[in-house]
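Because only heavy atoms are used, hydrogens play no part in the values below, and waters and symmetry mates are left out as well, while side chains stay in. Letters A, B, ... are given to chains in the order of the sequence lines, protein chains preceding strands, and every chain is numbered from 1.
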Amino acid sequence: MKPVMIAKNINKTFVLHNQGAARLPVLRQQNLEIFAGECVVLNGSSGSGKSSLLRSLYGNYQVDEGELLISQGEQWLDLATAQAREIIALRRNTIGWVSQFLRVIPRLSALDIVMQPMLENGISDSQAKAKAETLLSHLNVPERLWSLAPATFSGGEQQRVNIARGFALDYPILLLDEPTASLDKHNAQQVVELILAAKQRGAAIVGIFHDAWVRDLVADRLHNMQQAAQLAG
Amino acid sequence: MTSFSQQATALDDSSQQYNFAYLDEQTKRMIRRAILKGVAIPGYQVPFGGREMPMPYGWGTGGIMLSASILGQDDVLKVIDQGADDTTNAVSIRHFFSKVCDIATTEKTEQASVIQTRHRIPEQALSNNQILVFQVPIPEPLRFIEPRETETKKMHALEEYGSMQVKLYEDIVKYGYIATSYAYPVTVHGRYLMDPSPIPKFDNPKLHQSEALMIFGAGREKRIYCIPPYTDVHSLDFDDHPFSIQQWDEPCSLCGSHDTFLDEVLIDDQGQRMFICSDTDYCQKQQAAQLGAEHDSVS
Amino acid sequence: MTQLAKQLEEPRANAANQAEPALLQAQNLSMLYAPGKGFEDVNLSLYPGEVLAIVGESGSGKTTLLKTLSGRLAPQTGSISFQSDSNTAELYKISEAERRSLIRQHFGIVHQHPLDGLRPRVSAGGNIGERLMENGWRNYAEIRLQALTWLKAVEIDQSRIDDMPLTFSGGMQQRLQIARNLVTHPRLVFMDEPTGGLDVSVQARLLDLIRNLVTELQLAVVIVTHDLAVARLLAHRIMVMKQGQVVESGLTDRVLDDPSHPYTQLLVSSVLQQ
């Protein structure tokens with residue numbers, strides 16, 4: 001079976017020019033292969049570069065060396081060297097990102113926020129609305145909030161709106177950055193169900209999970225982070 | 001040898017004699033060249049070197065300079081102001097030319113070879129051996145839209161006239177119809193946008209395919225533009241608000257004409273008013289014709 | 001599962017997208033008033049539906065660059081080509097008449113100060129309708145209908161159609177300016193600090209409006225701003241300028257979250273955290 005995404009020899013060092021050009025190595029010789037229908041959990045202590053690796057896989061961080069290959073039919077697209085617009089296209093329908101933080105867009109209702117990725121991919125309004133409603137109720141976002149802009153929602157409610165948005169489209173690749181952090185157990189359980197369903201339909205998932213019980217429920221395998229700083233030293 | 005005093009006398013004699021039509025010959029040539037250029041590019045504003053005239057700007061200096069440049073010894077001049085031959089401005093200009101070139105003047109439209117006008121075109125159709133000279137206060141029709149001369153020049157050069165419609169649009173917004181009733185903008189020969197000077201829009205149709213040459217002079221702004229004979233002149237409008245001319249409910253109180261431009265005249269302190277032709281020559285001719293007809297029927 | 005199959009089709013479609021020609025392409029553009037004043041050696045491509053933010057501090061040359069990109073200031077060197085339908089036009093090789101006509105038909109230009117882009121003594125409806133009339137519209141009722149539609153689209157009460165822009169608030173004037181620009185459905189819109197002089201609450205509303213219009217109309221936009229939050233909200237890509245040089249460019253969130261150039265790092269770290 002062919003992987004959906006391959007990370008090869010990824011290196012990344014932050015250079016803080018305004019702090020005496022301090023160099024902070026964060027990723028060192030990272031290698032990772034991700035297959036459809038599995039969930040890989042990035043494992044390591046705080047500061048081991050889990051988040052940096054996940055962000056690199058999304059194109060949010062620019063790696064210094066190595067390749068980030070995404071399967072495109074017969075060909076591979078290297079995210080490390082891809083043009084901005086290629087990455088934007090990938091993000092529209094291939095790589096989904098779910099984090100605990102919602103970047104609130106002023107005046108857009110919760111329902112609209114969840115529907116947006118579907119509408120951008122040409123899914124009909126009624127279909128998108130139905131799916132958005134299913135997701136929001138699955139995540140226990142009270143119906144009275146759906147038509148409101150989430151700026152005034154509680155942190156947990158905003159987070160769940162964001163998760164609903166992340167799962168709105170059936171992306172072949174899903175990147176999850178602590179989606180269950182600070183959720184109560186019941187809601188975290190609902191998120192786990194979404195992850196399992198995504199795996200079931202064949203999504204390749206890479207995630208960071210703070211809660212051990214969530215990790216145990218969703219992970220097929222762990223990717224242990226190597227301490228970049230130690231390796232470099 | 002002539003004595004010094006003889007020379008002084010000769011000098012004095014000549015200085016009392018104005019050159020024919022006041023302007024010197026070189027200036028007239030320069031203005032005629034500008035007119036020729038204007039004729040060659042219908043509706044285009046040609047700059048020219050305006051001269052100081054013995055009257056203030058706004059009294060028709062542009063028109064007078066044009067007339068002075070084209071008048072010859074055999075010409076017959078008619079001057080009208082708002083259609084009338086007998087208003088101060090018209091009378092003064094006529095006197096001016098009588099004095100500085102001693103040519104024949106007339107009040108009869110058909111007898112004139114050059115007609116200088118302010119704010120009207122005669123009712124009687126002009127012929128191809130006549131020239132109509134307009135006095136123009138503001139030659140630039142786009143000035144309302146665009147205050148910069150550099151920009152209006154560019155707009156003319158690139159034929160960007162859509163914004164002129166905005167003025168007409170604003171009229172309809174304010175009044176429900178195109179209320180611009182004088183200085184109504186036209187396009188000449190399908191190309192240049194032109195301000196026909198403050199003639200009533202009633203006269204706009206007379207610009208179209210006119211047999212007579214029409215030349216326009218702005219003294220203060222120093223611009224000349226022309227409509228050669230038999231040129232298409234189109235008044236701007238909207239499909240659903242087409243161009244139309246003024247109409248009156250009653251005929252001229254003096255001559256009974258139904259198809260002329262009428263002035264409203266107050267006749268007493270009680271607010272009594274009457275409508276009469278603004279073209280005095282035409283009105284008198286109509287009255288004379290009626291008298292003649294009555295006379296004929298009596299005899 | 002059928003959904004997934006559908007999704008897997010997409011990447012090939014993307015590959016086809018890449019063959020699509022750029023709407024605007026600038027090569028080796030330079031325009032220097034003095035050393036470090038203006039901009040130097042700029043290259044960029046903009047594709048349909050793409051939003052590009054040019055950020056940098058005052059005097060970095062971003063507004064000058066916008067002027068050149070939008071056909072209003074000839075560069076000293078370099079070329080800009082614009083793709084419309086199947087024709088490519090070299091912006092500064094065609095005649096001025098052709099360039100102005102191209103700008104009228106395909107470009108929108110939104111000025112920082114709304115009154116620079118509006119006719120203050122022409123009614124709101126006339127301001128919106130002017131572009132239509134420039135493009136040959138001669139039916140009053142139709143022009144008016146368009147004006148009403150666009151007032152609504154930019155959230156101005158339709159009853160204000162006959163009011164002068166001078167009687168509008170700054171935010172309304174800016175929205176009117178946007179309507180005036182979009183009424184002819186340009187493919188490319190240039191904006192210079194569109195939220196510049198506005199109150200924060202008014203800014204948010206305007207940004208949201210711009211964001212919606214951009215998505216709905218699939219506009220390509222070049223927006224000049226010194227506000228990184230504006231860039232993050234609206235732009236797909238970002239270009240950072242300093243003293244006339246492009247020091248960094250790329251995906252908006254990449255440049256803002258992982259800035260590599262010292263100047264970009266300084267800019268990003270200077271933003272107050274919310």
Side-chain angles (χ1 to χ4, degrees), chain B residues 41 43-44 138 140-181 183-187 190-193 201 204 232-244, chain C residues 71-74 94-105 107 109 115-148 150-151 158-167 176 179-181 183-184:
Chain B
I41 317 171
Y44 173 74
I138 299 166
E140 181 50 73
L142 294 166
R143 194 56 76 227
F144 161 86
I145 299 283
E146 176 54 63
R148 288 168 297 180
E149 175 74 7
T150 48
E151 194 58 22
T152 52
K153 279 198 141 179
K154 216 168 252 182
M155 290 162 85
H156 281 295
L158 304 177
E159 225 179 320
E160 291 179 358
Y161 294 144
S163 52
M164 192 68 222
Q165 293 286 135
V166 173
K167 185 175 190 264
L168 305 182
Y169 171 95
E170 291 293 293
D171 260 12
I172 305 176
V173 164
K174 266 186 228 139
Y175 308 106
Y177 59 97
I178 300 177
T180 300
S181 55
Y184 192 107
V186 295
T187 46
R191 176 59 181 84
Y192 281 96
L193 183 71
K201 66 177 178 179
N204 272 23
D232 284 340
V233 178
H234 170 74
S235 303
L236 267 52
D237 60 0
F238 287 97
D239 299 345
D240 47 350
H241 287 268
F243 173 80
S244 64
Chain C
R72 293 172 293 158
L73 178 69
I94 55 179
S95 71
E96 185 175 12
E98 289 170 310
R99 183 162 60 248
R100 281 171 70 125
S101 139
L102 183 148
I103 291 171
R104 253 202 328 269
Q105 282 177 44
F107 289 6
I109 296 172
L115 290 179
D116 290 349
L118 291 171
R119 296 201 186 278
R121 284 179 184 79
V122 166
S123 68
N127 265 286
I128 297 177
E130 178 171 351
R131 273 236 169 168
L132 296 172
M133 294 182 240
E134 278 177 350
N135 286 344
W137 288 48
R138 289 292 180 271
N139 187 303
Y140 177 79
E142 284 172 15
I143 292 166
R144 206 150 166 87
L145 195 65
Q146 283 291 315
L148 285 169
W150 275 94
L151 282 175
Q158 294 180 329
S159 68
R160 304 293 303 266
I161 184 168
D162 295 334
D163 294 349
M164 301 292 147
L166 280 175
T167 66
L176 181 64
R180 173 182 160 94
N181 271 284
V183 65
T184 45

**Student:** Of the backbone (N, CA, C, O) and the side chain (C-beta and beyond), which part of B/E170 lies under 4.5 Å from a heavy atom of chain C, both, or neither?
**Tutor:** side chain

**Student:** Using non-hydrogen atoms and a limit below 4.5 Å, what part of residues 138-146 of chain C faces chain B?
**Tutor:**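 Checking residues 138-146 of chain C against chain B gives C/R138, C/N139, C/Y140, C/A141, C/I143, C/R144.
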
**Student:** I'd like to verify something: which residue of C/E134, C/R100, C/E130 has the highest number of heavy-atom pairs under 4.5 Å with chain B?
**Tutor:** C/R100

**Student:** Counting C-beta onward and ignoring hydrogens, is there a side-chain heavy-atom pair between B/T187 and B/Y192 closer than 4.5 Å?
**Tutor:**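 With C-beta onward as the side chain, the pair stays apart.
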
**Student:** Using only heavy-atom distances, determine whether the side chains of C/S101 and C/E98 contain a donor-acceptor pair under 3.5 Å.
**Tutor:** no

**Student:** Between C/T167 and C/R160, is any side-chain donor less than 3.5 angstrom from a side-chain acceptor?
**Tutor:** yes

**Student:** Taking every non-hydrogen pair under 4.5 Å, which of B/I172, B/D240, B/D239 racks up the most with chain C?
**Tutor:**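 Maximum pair count with chain C is reached by B/D240.
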
**Student:** Check the angle between the aromatic planes of B/Y177 and B/Y175 and answer parallel, tilted or perpendicular using the 30° and 60° thresholds.
**Tutor:**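 Because their plane-to-plane angle lies in the 30° to 60° range, the rings of B/Y177 and B/Y175 count as tilted.
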
**Student:** Any luck finding a side-chain donor-acceptor pair between C/N127 and C/R180 under 3.5 Å?
**Tutor:**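 The answer is yes; a qualifying pair exists.
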
**Student:** Answer with yes or no whether the side chains of B/D171 and B/T180 bring together a donor and an acceptor at under 3.5 Å.
**Tutor:** yes

**Student:** Are B/H234 and B/F243, when compared by the centres of their aromatic rings, separated by less than 6.0 Å?
**Tutor:** no

**Student:** Measure B/I145 against the heavy atoms of chain C and call it side chain, backbone, both or neither at under 4.5 Å.
**Tutor:** both

**Student:** Does either side chain, that of C/S123 or that of C/D162, offer a donor lying less than 3.5 Å from an acceptor on the other one?
**Tutor:** no

**Student:** What part of C/R131 is in contact with chain B, defined as an atom under 4.5 angstrom from a non-hydrogen atom: side chain, backbone, both or neither?
**Tutor:** neither

